[in-house]
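All of these numbers come straight from a predicted model, not from anything done at the bench.
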Amino acid sequence: MADLDGLFEFDPASLAKVDRLGQSGVPCWPNGLLVTHLSTELHAAFVHHRDDAGMAAAAEGFGQVAVGGRLMFRNHMGKAMFLRLQDRGEATVDDVDRDGKGVRRGGAIQVYVRREDIGETAFESIKQLDIGDFVWAAGTMMRTRTGELSVHAREVRLAAKCLLPFPDRWNSVSDIQVRSRQRYIDLFMNEETRATFRARSRIVRYIRNFFEARDYLEVETPMMQPIPGGAAARPFVTHHNALDMDLFLRVAPELYLKRLVVGGLERVFEINRNFRNEGVSVKHNPEFTMLEFYQAWASMEDLVGLTEELLSALVSSVAGRSTLQFGELELDFSAPFARLDMDEAIARATGLTLTELGDPEAMAAFWATRFPTEPRMPTHRGGWWERLFERYVEPNLINPTFITGFPPEISPLARRSDARPDRCERFELYCARWELANGFSELNDPIDQAERFAAQVRAREAGDDESMYFDADYVRALSYGMPPTAGEGIGIDRLVMLITGRTSIREVILFPTLRPVAPTPSEPDPGPR
RNA sequence: GGGCCUAUAGCUCAACUGGCAGAGCACCGGACUCUUAAUCCGUAGGUUGUAGGUUCGAUUCCUACUGGGCCCA
């Protein structure tokens, strides 16, 4: 084998096995193997054929099948062998096991191999199969003496060799390091992981259908933006060499989507990645998936209803019921959701009066008696509300709850309430102690928008690096006129967490952001692990 | 950034108060024609995360570092 300059090391015993197999005419990575049936299809087709006569007749009618999958289990008994092949199928076929207990079949199919059926040479090479190998088998359907549906093999082939020691199948792989760094291992070892990501796909598909059914257009807007905007968050910076310009990975698609409403698309949505240069935690990943949607001729109230409709139907459809078990919490997603004004919620939780909540001095005094060591106090009412809300209200919001009545100071893109100009027509949806969605009637007055951007720029100059930039082209777009519009963002990863019951965001992102494996002194180059 | 916990074979885990580094599974060799976490016999597998310290002796006690987990900010 070619010298790999220490870039990768194969196990010599495995390489020897590859050679040995090749010399005896068994290629380790052959091509052109056709699979005709998925394990789940076979279980579904034969689930009602249990007795010998019925089974024989059904198998006769079915004829030859070819299956393929990863060898997860093997019993070898001299001149006969059982192989269990795991494929992409899902365990969806209701059946009963030997003891009459209900089970779900699918995802794997057993293969029965006899030496006298496939010949001595072929049988000898089958004995060389290892757990973890991909295996292909062709034959007819049968049931074993104990009733397990199996492929009675006429031919068995190694389809792809596994060169690495296979994880212990008694104890599922539980090391969170392995599970998230080497997601492929997690996927082929753990059915719950496969189920989580199938559910994620279903959730996204449901949302897409939901909006398409309401005449929304799915669009894609820039991931790389010359001016980052649409959310209060620190962006990642990158550089375009040919144009010699810095670009920011987007923290939100908002300002581009609203430009499309100005352009007349009226109803648009995007499901895509956002990037925020912030800490990593069980509910934060630097890149995460966001649904944003905008609808002209709609207001915040329309979105409240749409959100309730979407989430309650989505939960019922994917989870099969209207409540979700999330860690210790039980979450009720039946509409309508609770609603609470931000200031009332804070007043109730802190004991401060509504008058005191209008006075930054009073809130600062309240805070100083409880958290005297904390630096960097907010300077305006909205900043204090945000801080008090996070500390006193958010930890108690379990069931889905719309928080309304946000102040404009912390809502630079939201329309002011006509009835209460010191508040915005904005809501955030909270659930399981965190924010799940954020929506509002959009600010479409370009003059007001320009002033709010200017205020953000002043805050940035005063040291707040999460403040927004002045996006002149966005103000220009609004100046052409944007119809009254409402828009909303929903965090897809968090939604998937709630529905699948995974309490860490890393469990619902296939390849979460992780610190690289640190090189050790004896091994300066960690290699492609 | 702070606190607590943690790192032992490819995987999952043991090793009493500091006294010979172990088991099951996987791998390698062998037996077995309906098994189901098959069974039986045998072999091999380790710088106990890294670097120091205490000690006659350290997986075990101490310090620092690195990775990971949980909680707080």
Side-chain angles (χ1 to χ4, degrees), chain A residues 9-18 20-21 52 55 70-86 95 97-99 101 103 105 108-120 123-124 126-133 142-153 161-182 185-186 188-190 278-284 327 367 370-376 387 390-391 395 433 503-507 512 514-524 526 529:
Chain A
E9 225 169 282
F10 287 101
D11 169 35
S14 300
L15 294 180
K17 188 162 197 171
V18 171
R20 208 160 55 235
L21 286 165
D52 289 354
M55 182 64 209
R70 193 184 285 276
L71 181 61
M72 299 302 282
F73 175 81
R74 180 185 59 167
N75 271 347
H76 172 214
M77 280 150 307
K79 300 191 181 69
M81 202 183 306
F82 289 94
L83 311 173
R84 186 170 307 143
L85 306 186
Q86 174 176 292
D95 196 3
D97 68 9
R98 281 175 295 171
D99 307 322
K101 267 197 314 189
V103 288
R105 307 273 186 203
I109 186 75
Q110 180 168 268
V111 177
Y112 177 51
V113 192
R114 291 194 307 180
R115 192 169 75 168
E116 68 181 62
D117 293 330
I118 68 167
E120 190 153 346
F123 196 78
E124 283 308 305
I126 296 315
K127 278 160 71 174
Q128 299 299 309
L129 291 176
D130 294 315
I131 300 291
D133 288 349
M142 61 168 280
R143 275 190 194 278
T144 63
R145 209 166 279 164
T146 54
E148 178 159 352
L149 185 70
S150 306
V151 175
H152 189 161
K161 191 73 195 155
C162 174
L163 295 184
L164 289 166
F166 211 63
D168 186 349
R169 68 173 186 281
W170 284 28
N171 306 287
S172 61
V173 175
S174 58
D175 184 343
I176 188 66
Q177 282 250 55
V178 172
R179 297 220 297 102
S180 39
R181 278 184 204 283
Q182 291 169 276
I185 294 179
D186 186 26
F188 61 60
M189 292 306 291
N190 296 321
E278 289 160 3
V280 176
S281 80
V282 288
K283 51 180 180 176
H284 296 92
W367 192 268
R370 283 158 186 81
F371 308 102
T373 59
E374 227 164 299
R376 227 169 63 111
R387 185 168 290 197
E390 270 175 31
R391 181 66 64 98
R433 309 189 217 278
T503 51
S504 167
I505 198 168
R506 278 198 308 193
E507 304 274 352
L514 298 168
R515 201 184 299 275
V517 177
T520 58
S522 62
E523 186 192 14
R529 263 191 237 170

Taking [atom1] from [X] and [atom2] from [N], how many angstroms apart are they, rounded to a whole number?
| X | N | atom1 | atom2 | answer |
| --- | --- | --- | --- | --- |
| A/E390 | B/rC72 | CD | C1' | 14 Å |
| A/K17 | B/rA44 | NZ | C1' | 15 Å |
| A/E507 | B/rG68 | CD | P | 15 Å |
| A/H152 | B/rC34 | NE2 | P | 12 Å |
| A/Q128 | B/rG29 | CD | C1' | 11 Å |
| A/R145 | B/rC34 | CZ | P | 6 Å |
| A/L71 | B/rC27 | CG | C1' | 14 Å |
| A/E124 | B/rA31 | CD | P | 9 Å |

Measuring from the side chain of [X] (C-beta onward, heavy atoms only), which nucleotide among [options] has the closest atom?
| X | options | answer |
| --- | --- | --- |
| A/V282 | B/rG69, B/rC27, B/rC70 | B/rC70 |
| A/D130 | B/rC27, B/rC34, B/rG69 | B/rC27 |
| A/R391 | B/rC27, B/rA73, B/rG68 | B/rA73 |
| A/M77 | B/rC32, B/rA73, B/rC27 | B/rC32 |
| A/E116 | B/rA73, B/rA26, B/rU33 | B/rU33 |
| A/H76 | B/rU33, B/rC32, B/rG29 | B/rC32 |

Please give the nucleotide sitting opposite [N] as a Watson-Crick or G-U wobble pair, both distances under 3.5 Å, or none.
| N | value |
| --- | --- |
| B/rC61 | B/rG53 |
| B/rU66 | B/rA7 |
| B/rG18 | none |

Rounded to whole angstrom, note down the [atom1] distance from [N] over to [M].
| N | M | atom1 | value |
| --- | --- | --- | --- |
| B/rC16 | B/rG49 | C1' | 25 Å |
| B/rC62 | B/rC5 | P | 10 Å |
| B/rG10 | B/rA26 | C1' | 7 Å |
| B/rG45 | B/rU55 | C1' | 31 Å |
| B/rG18 | B/rC56 | P | 16 Å |
| B/rG68 | B/rG30 | C1' | 42 Å |
| B/rA51 | B/rA44 | C1' | 31 Å |
| B/rA14 | B/rC41 | C1' | 25 Å |

Nearest heavy-atom neighbours spanning A/P395 and A/R433 |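 So the two residues come closest at O-NH1, 2.9 Å.
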Write down the atom of A/L83, the atom of A/V113, and the distance for their closest heavy-atom approach.
->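 So the minimum-distance heavy-atom pair works out to CD1-CG2, 4.1 Å.
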Scan A/R105, A/Q110, A/M55 and name whichever one has a side-chain contact (heavy atoms from CB on, under 4.5 Å) with A/L149.
-> A/M55
Steps toward salt bridge (charged side-chain N to carboxylate O under 4.0 Å, His left out) verdict (A/R74, A/D130) = CA-CA 9 Å; A/R74 180 185 59 167; A/D130 294 315; 5.2 Å; no
Salt-bridge contact A/K127-A/E124 (side-chain N to carboxylate O under 4.0 Å) = yes
Check whether any side-chain heavy atom of A/L129 sits under 4.5 Å from a side-chain heavy atom of A/M81, and report yes or no.
->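 No; the side chains remain at least 4.5 Å from each other.
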Side chain proximity check, A/Q128 to A/L21, heavy atoms < 4.5 angstrom | yes
Toward the 5' end of RNA chain B, by each residue's nearest nucleotide, A/K161 or A/R143 | A/K161
Base, sugar-phosphate, or nothing: which does A/R84 touch, judged by heavy atoms less than 4.0 Å apart?
->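 Contact class for A/R84: base.
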